[in-house]
Colleague: 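Following this message is one structure expressed as structure tokens.
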Amino acid sequence: LENFEEIDKSILVVVKKIIGNYTKQISEKNTAFKGITVTKEGENGIKIVCICDKEIEEKADENGLLFSLGKALEKTLKAC
């Protein structure tokens with residue numbers, strides 16, 4: 001996680017659970033999964049870099065941080 005220092009701790013717990021759930025799905029889908037980096041960009045923007053067979057980068061900027069996170073992770077899951 002990058003740039004999440006100013007997020008409320010209760011929201012951060014939810015963010016970590018969501019990322020953990022998607023990371024598990026990605027690793028089960030693609031055995032070449034090596035890691036994931038989630039970066040907060042601005043107020044609600046999310047950038048995800050996932051390293052599997054190749055490096056996949058997905059971004060989302062929705063009306064809420066959790067919506068952006070879900071959308072970016074869903075795109076990443078489909079791309080892996």
Side-chain angles (χ1 to χ4, degrees):
L1 292 175
E2 296 179 0
N3 299 332
F4 280 85
E5 297 83 17
E6 297 179 11
I7 298 295
D8 183 78
K9 289 185 181 185
S10 61
I11 299 291
L12 192 57
V13 169
V14 174
V15 165
K16 288 179 179 181
K17 294 256 184 203
I18 292 170
I19 293 169
N21 184 30
Y22 274 94
T23 299
K24 181 180 176 189
Q25 290 179 50
I26 292 167
S27 67
E28 289 173 350
K29 181 180 175 185
N30 189 332
T31 57
F33 173 76
K34 294 184 178 129
I36 191 167
T37 301
V38 180
T39 305
K40 183 175 175 288
E41 297 183 325
E43 189 163 333
N44 294 321
I46 295 288
K47 178 176 103 175
I48 296 179
V49 177
C50 182
I51 307 211
C52 295
D53 304 349
K54 58 189 182 253
E55 186 174 296
I56 298 165
E57 183 176 313
E58 296 292 346
K59 291 185 177 187
D61 193 356
E62 299 294 318
N63 288 330
L65 180 64
L66 297 178
F67 290 116
S68 295
L69 180 63
K71 185 159 192 152
L73 283 165
E74 190 63 37
K75 287 192 225 175
T76 304
L77 179 61
K78 288 179 183 177
C80 281

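Computed over heavy atoms, backbone and side chain alike; hydrogens, waters and symmetry mates excluded. None of the values given here were measured: they were computed from a predicted structure.
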Colleague: Decide if atom CG of Asn63 counts as having more than 12 heavy atoms of other residues, nucleotides or ligands within a radius under 6.0 Å.
Modeller: no
Colleague: So, Glu62 and Ser68: side-chain donor and acceptor under 3.5 Å apart, yes or no?
Modeller: no
Colleague: Once you round to the nearest 0.5 Å, how far does CG of Asn44 lie from CZ of Phe67?
Modeller: 10.5 Å
Colleague: Using the rule given for side chain to side chain contact (heavy atoms under 4.5 Å, CB included), can you reason through Leu69 versus Leu65, listing the C-alpha separation, both sets of side-chain angles and the distance that settles it, and then say yes or no?
Modeller: CA-CA 6 Å; Leu69 180 63; Leu65 180 64; 5.6 Å; no
Colleague: Would you give the length of the straight line joining atom NZ of Lys16 to atom CD1 of Ile11, rounded to the nearest 0.5 angstrom?
Modeller: 13.5 Å
Colleague: Got a second to check how far Ile18's CD1 is from Leu73's CG, nearest 0.5 Å?
Modeller: 8.0 Å
Colleague: Locate the shortest heavy-atom distance separating Gly70 from Tyr22; write the atom from each residue and the value.
Modeller: O-OH, 4.1 Å
Colleague: When you measure from the side chain of Lys29 to the backbone of Leu77, do you find a donor-acceptor pair of N or O atoms at a distance under 3.5 Å?
Modeller: yes
Colleague: Can you check whether Lys9 reaches Val13 side chain to side chain, under 4.5 Å on heavy atoms?
Modeller: no
Colleague: Out of curiosity, Cys80 SG to Asn30 CG, how far, rounded to the nearest 0.5 Å?
Modeller: 5.5 Å
Colleague: Check whether any side-chain heavy atom of Glu55 lies under 4.5 Å from a side-chain heavy atom of Val49, and answer yes or no.
Modeller: yes
Colleague: Is it the case that the side chain of Lys59 and the backbone of Ala72 share a donor-acceptor pair, with hydrogens and angles ignored and the cut-off at 3.5 Å?
Modeller: no
Colleague: Do Leu1 and Leu12 come close enough that some side-chain heavy atom pair is under 4.5 Å?
Modeller: yes
Colleague: Do Ile51 and Ile36 make a side-chain contact, defined as non-hydrogen atoms from C-beta onward lying under 4.5 Å apart?
Modeller: no
Colleague: Can you tell me how far NZ of Lys47 sits from OG1 of Thr37, rounded to the nearest 0.5 angstrom?
Modeller: 9.0 Å
Colleague: Could you walk me through whether Val15 and Leu66 satisfy the side chain to side chain contact (heavy atoms under 4.5 Å, CB included) test, starting with their C-alpha distance in whole Å, then the side-chain angles of each, then the deciding distance to 0.1 Å, before giving a yes or no?
Modeller: CA-CA 7 Å; Val15 165; Leu66 297 178; 3.8 Å; yes
Colleague: After noting the C-alpha distance and the side-chain angles of Lys17 and Ile19, does the key distance pass the side chain to side chain contact (heavy atoms under 4.5 Å, CB included) rule?
Modeller: CA-CA 5 Å; Lys17 294 256 184 203; Ile19 293 169; over 6 Å; no
Colleague: Within the distance-only criterion (no hydrogens, no angle test), does the side chain of Lys40 pair as donor or acceptor with the backbone N or O of Gly42 below 3.5 angstrom?
Modeller: yes
Colleague: Answer yes or no: does atom CZ of Phe4 have more than 12 heavy-atom neighbours from other residues, nucleotides or ligands under 6.0 Å?
Modeller: yes
Colleague: Could you check whether atom NZ of Lys71 has more than 12 heavy atoms from other residues, nucleotides or ligands sitting under 6.0 Å from it?
Modeller: no
Colleague: Show the nearest heavy-atom pair for residues Ile26 and Cys50, with the distance to one decimal.
Modeller: CG2-SG, 4.1 Å
